Amino acid sequence: MMDKRYDAKAAEAKWYQTWEKNGFFHDDPDGREPYSVVIPPPNVTGILHMGHALNQTIQDILVRWRRMQGRNTLWLPGTDHAGIATQNVVEKALKKEGKRRQDLGREKFLERVWEWKRQYGGTIVHQQRMLGNSTDWQRERFTFDEGCSKAVAKVFTQLYDEGLVYKGNYIVNWCPRCGTALANDEVEHEENHGHLWYVRYPVVGSEKGAAGEPYKDYIMVATTRPETLPGDTAVAVNPKDERYAHLVGKTVILPLTGREIPVISDDYVEKEFGTGIVKITPAHDPNDFLVGKRHGLAEINIMTDDGHMNELAGAKYAGMDRFKCREALVADLEAEGYLDHIEDYDNQVGHCYRCHEVVESRLSKQWFVKMKPLAEPAIAAVRSGEVRFVPERWSKIYFNWMENIQDWCISRQLWWGHRIPAYYFGDGEVVVAETPELALEKAKAIDPNVMAADLQQDPDVLDTWFSSWLWPFSTLGWPEKTADLDYYYPTTDLVTAQDIIFFWVARMMMAGIHFMGKPPFRNIVIHGIVRDAQGRKMSKSLGNSLDPLELIDAYSADALRFSIALITSLDCDSKVSKEKFEIGRNFCTKIWNAARFMEMQSENAAALPAGEPYGNLTSDEKHILWACDKACRKVNEILESYRVQDGALAVYDFFWTEICDWYVEYVKDSPNKSVSLAILRDVFWKALRLLHPYMPFVTEEVAHQLGYLGEGETIMRSEFPRGYTDDEKAAWGLSQETYDFVNAKRAAVTAIRALRAEYKVPPSAFVKVTVATDDPKAETEAESLKKAMRAESVAFVPAGSDLAMPSKITDFGTVYLSLEGLVDKAAESKRIAGELAKLAGFIKSSEAKLANENFVAHAPEAVVAEARRKLAENKEKVAQLEKLAKLFA
RNA sequence: GGGCUAUUAGCUCAGUUGGUUAGAGCGCUUCCUUGACAUGGAAGAGGUCAGUGGUCCGAAUCCACUAUAGCCCACCA
């Protein structure tokens, strides 16, 4: 006996264990068509959030569906070592002990990180199991495991040998808190309410003025960053700016320092902005850096790597925090009469995407990847359609970025990450090799006397994304030639949110094509971001996050998954609130109760072999089989185009409306119960399998409870329903016509129920019903109509008959509710008048349409025919209603 | 500054190549507890599809402009 209530927690724990233990998530390469997906690896420091839940639910739906279709399926899980994020977490822990990473030293610190990973790194991996992910845990990978690390070293070396990796002294984004360089896209720009300081730079040779105005002749410079002033090596004007043409070539005095700097002209300067004169600080601004290169200016670095001023900023400011220095320096400028005035000014300021510290532009030696040569074939692969974005519009954004791609700064001044395989020796010689041994070989080729101990490995590590961009093939064994790599690469689908198209998707495209010769996936499926009910991004600081684990606890994983699928649109972001997950929970309950009904009825179900013709079927039986066939085809078709939401709707409607609301109600009073139940069993089993990708646990549990599956079997490897064959449909006498006939019958039932409600007939009361119709089939439905309408009797009279009783006109015929003296003539007359008015409107519009020659000539035949039919039908309805109206007048 | 997207019922959203009288869930109204299920059932109310103009026999759907909202990219100090 099934329990009255479904115990989701017990079922979910039990089935996940069973699936994993029996290896149901695992396939080995074979002769079948593969379907492979790699999971976007979450940070090893991460905890499961709604974004993961959305992303992974979509993937698991696709994966389970394909697996049930018989494809050899791989969904590869894993985590990302997340350089900065993880290092920050461990450093924070150290801080509590009053230590810094420098106190431990590199090796000890890395031991601590690995220790941390062993202890806490499994959190998210455990949480993913709660979702029901059918990921192949036997193939779980980590971006910092041995295999991935080999791949990283190999890739770096190869790119270096090809001249695509180079080291250069460039201005980079620098996070003073993390103490490392950041790539451009690791910087988040935020609106900042700041100021524009107007500072006077005296022209050399001008006379000293009165107090408060030290020099008579000066030029005025506007800046948002006064603290960088000690690093200025020029001021610049636009070459076309006539106001300042006379100044170019002259020299001005840098306030507070007394240093003399030239006035130069450069197109970069906007005449309209500020005063039209810019201070140039090549070591602390990316634009100024380029201007400096063009004009051969000195680069003066005035800051330390932790955001303090150094001695080059001047003795007074050395050691000062950069923002403290700004205040101090502005105060000094004012005191000395250099500050003209201050304006409020809003601009965008870059922040570290990890710790949110204000990013500093800073000159330093870093490693870069030349991206243009890698980007070109990656652009071509999408242009040619070899790789497809779903929805397609994301390709535009991809092209836009790829066509304006900048070189990628890949070195990070961290300890946690893949160490750069570059080795220095002798007098600035460098070799790059996959291992220290190979490096030594290369070094010996340059200088035979070099010993292993002479080689100094580059202290920096690589950007985390430098391992993630290899994920689709490094996880399959590359650079080894493995069977997995051969079979599962390229992967089929990549499912991810829009926010990592640049970080990750675009770079995987480049690496895949460059190292494997083929793009890493065929379809890139981009879904929206989960937002709160107000449309805000979910974040810890706002406290508006929903915790998927809490939702699973409250409603079950199936409920979470189904609700997410139902509210997800690939085209836009989804707003969610806790109540939305009740939909899934309620659906779960509905499935459970429908299953209980079947169990209770099971003794009535004769053992009819599935697939055999059932003999003479009633119209309701044909109807459910036809609806089931439609649902199966529809769901397959929908999932083929990744419309996970539409699939959920289709199966929800089929299960709830068709099976539960109508067919189960029919079965209760069916004249030949054993056949009706056998059909229900068949249809129910198909419905369970259609639902399984969305709600894996409850479907598995019910499938076993109802005996569809035996010990050791699983729904996740049973066949995904494709609908009935033409032979079956013919044998059972299914047709669109029968289907429509039953829909009409339902309309008649609904009409009587509405009349009962209007006339307040108690639900317990039996009524007399008369149906006016000429359809000879109608009479065969008398029994089922009686039950559904709760009628004492159903009589049939010819169409066009009119009785002085409340009635509604339906596709089935006109249904009359016999009330024997209870008829409210006035109310009925009013209702009829209302209906007539409505019909008059319809008739008018369809007459106008049919009178239009162009409509008849251009519209598809079916549409015109339908319009004609509808018009005739409405006219008939009007005639009938007018007769009735007289009776109630 | 450049690019993208959205605007449909009180709320959240569907609406597949333009084609009958625009749908769902939640919420709301009325009624219904010995019935598989009140986490349920039945019947309802509720929309000039943001606005204006255009193309077309026909527009929620295609085009243009306007309004509003949001996102992404970008070096205006």
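Numbered from 1 within each chain, the chains take letters A, B, ... in sequence-line order. Being a predicted model, the structure only gives us computed values, none of them experimental.
- Listed for the A:His527 side chain is no donor-acceptor partner under 3.5 Å among the backbone atoms of A:Val525.
- Here the separation of B:G41 from B:A36, taken at their P atoms, is 13 Å to the nearest Å.
- Taking the side chain of A:Arg5 as heavy atoms from C-beta on, and the options B:G41, B:U39, B:C57, the nearest nucleotide is B:U39.
- Atom CD of A:Glu403 sits in a crowded spot, with more than 12 heavy atoms from other residues, nucleotides or ligands closer than 6.0 Å.
- In this structure, A:Glu758 reaches neither bases nor backbone, as no heavy-atom distance under 4.0 Å exists between it and the strands shown.
- Atom name C1', nucleotides B:U8 and B:G2: the rounded distance is 30 Å, in whole Å.
- For the pair A:Arg790 and A:Phe766, the cation sits on the ring face: its NZ or CZ lies under 6.0 Å from the ring centre, inside 45° of the axis.
- No contact: A:Lys279 has no heavy atom under 4.0 Å from any strand.
- Residue contacts shown for A:Arg585 include a base, since a base heavy atom lies under 4.0 Å away.
- Between A:Tyr652 and A:Trp656, the two ring planes are tilted [angle within 30° to 60°].
- The distance between the ring centers of A:Phe587 and A:Phe655 falls below 6.0 angstrom.
- One interatomic measurement links the two molecules: CD1 of A:Ile583 to C1' of B:U12, which rounds to 9 Å at whole-angstrom precision.
- In this structure, A:Trp656 atom CH2 and B:A24 atom P are separated by 15 Å, rounded to whole Å.
- Comparing atom distances between the A:Asn586 side chain and each of B:U39, B:U21, B:C37 picks out B:U39 as nearest.
- Taking atom CG of A:Asp653 as the reference point, atom C1' of B:G15 lies 14 Å away to the nearest angstrom.
- As judged by a 4.0 angstrom heavy-atom cut-off over every strand, A:Arg643 is placed among the base-contacting residues.
- Across all strands, A:Val864 comes closer than 4.0 Å to no nucleic acid atom at all (heavy-atom distances).
- As rounded to whole Å, 16 Å separates atom C1' of B:U16 from atom CZ of A:Arg393.
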A:Lys668/A:Glu665 under salt bridge (charged side-chain N to carboxylate O under 4.0 Å, His left out): CA gap, chis, key distance, verdict: CA-CA 5 Å; A:Lys668 284 178 184 169; A:Glu665 292 306 316; 3.1 Å; yes
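- Ion pairing between a basic and an acidic side chain is recognised when a charged N comes within 4.0 Å of a carboxylate O; A:Asp3 and A:Arg596 show no such pairing.
- No contact: A:Asn238 has no heavy atom under 4.0 Å from any strand.
- Outside the 6.0 Å centre-distance limit, the rings of A:Tyr201 and A:Tyr338 are not counted as a close aromatic pair.
- Distance check on atom C1': B:A60 versus B:A45 gives 23 Å, rounded to whole Å.
- Relative to the side chain of A:Thr589, the nucleotides B:C57, B:U5, B:U39 differ in distance, and B:U39 lies closest.
- For a distance-only test at 3.5 Å, the side chain of A:Lys590 qualifies as a donor-acceptor partner of the base of B:C37.
- Using a 4.0 Å heavy-atom distance criterion, A:Asp646 is classed as a sugar-phosphate-only contact.
- A:Gly584 comes within 4.0 angstrom of nothing in the nucleic acid, heavy atoms only.
- Counted by atom type alone, A:Thr281 and A:Lys279 present one or more donor-acceptor pairs between their side chains at under 3.5 Å.
- Look at A:Ser845 and you'll find a side-chain N or O under 4.0 angstrom from OP1 or OP2 of B:U21.
- Between the C1' atoms of B:U5 and B:G46, the separation comes to 29 Å (whole Å).
- Of all the heavy atoms in A:Met50 and A:Ile564, the pair that sits closest is CE-CD1, 4.0 Å.
- Atoms CG (A:Asn636) and P (B:U16) sit 21 Å apart, rounded to a whole Å.
- Nucleic acid contact for A:Ser764: none, since no nucleic acid atom lies under 4.0 Å from a heavy atom of the residue.
- At whole-Å resolution of the value, CG in A:Asn287 and P in B:C75 are 8 Å apart.
- The two residues A:Arg225 and A:His284 have their closest heavy-atom pair at NH1-O, 3.9 Å.
- At the heavy-atom level, A:Asn852 lies under 4.0 Å from the strands shown only through sugar-phosphate atoms.
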Within the sub-3.5 Å range, which N or O atoms of nucleotides 27-32 of chain B have a protein N or O partner, and how far apart are they?
none

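- With RNA chain B read from its 5' end, the first of the two nearest nucleotides for A:Ile567 and A:Arg596 is the one closest to A:Ile567.
- Among the protein residues, A:Cys660 comes within range of the nucleic acid bases, having at least one heavy atom under 4.0 Å from a base atom.
- Within 6.0 Å of the CD atom in A:Glu861, the count of heavy atoms belonging to other residues, nucleotides or ligands does not exceed 12.
- The CD1-C1' distance, from A:Ile591 to B:U39, rounds to 12 Å in whole Å.
- Applying the 4.0 Å criterion to OP1 and OP2 of B:G40, one finds that A:Asn593 has every side-chain N and O outside that range.
- A donor and an acceptor atom, one from each side chain of A:Tyr663 and A:Glu658, are nowhere located under 3.5 Å apart.
- Checked by atom type, the side-chain pair A:Thr657/A:Asp653 shows a donor-acceptor distance below 3.5 Å.
- When each of B:G40, B:A36, B:C73 is scored by its nearest atom to the side-chain atoms of A:Phe502, the top-ranked nucleotide is B:C73.
- Distance from the side chain of A:Gln498 is smallest to B:C71 among B:C37, B:C57, B:C71.
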Could you go over nucleotides 18-20 of chain B and give all protein N or O partners under 3.5 Å, atom names and distances?
| unit_1 | atom_1 | unit_2 | atom_2 | d |
| --- | --- | --- | --- | --- |
| B:U20 | O2 | A:Glu866 | OE2 | 3.4 |
| B:U20 | N3 | A:Glu866 | OE2 | 2.6 |
| B:U20 | O4 | A:Glu866 | OE2 | 3.4 |

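- The aromatic ring centres of A:Phe389 and A:Trp394 sit 6.0 Å or more apart.
- If you take atom P in B:U48 and the same atom in B:U61, they sit 16 Å apart, rounded to whole Å.
- B:G70 and B:G10 have their C1' atoms separated by 22 Å, given to the nearest Å.
- Here the separation of B:C63 from B:U55, taken at their P atoms, is 15 Å to the nearest Å.
- Taking atom CZ of A:Phe562 as the reference point, atom P of B:A24 lies 16 Å away to the nearest angstrom.
- Distances from the side chain of A:Arg790 to the nucleotides B:A77, B:G35, B:A42 place B:G35 closest.
- For A:Trp592, no side-chain nitrogen or oxygen approaches OP1 or OP2 of B:G40 to under 4.0 Å.
- Stems are defined here as 3 or more consecutive Watson-Crick or G-U wobble pairs with pairing distances under 3.5 Å; those involving RNA chain B are B:1-7 with B:67-73, B:10-13 with B:23-26, B:28-32 with B:40-44, B:50-54 with B:62-66.
- For A:Glu640, the CD atom is densely surrounded, since the number of other residues' heavy atoms within 6.0 Å is greater than 12.
- Here A:Arg868 lies out of heavy-atom contact (under 4.0 Å) with every strand.
- Nearest-nucleotide mapping onto RNA chain B: of A:Ile397 and A:Thr224, the residue sitting toward the 5' end is A:Ile397.
- The gap from the P atom of B:A9 to that of B:C13 amounts to 11 Å, rounded to the nearest Å.
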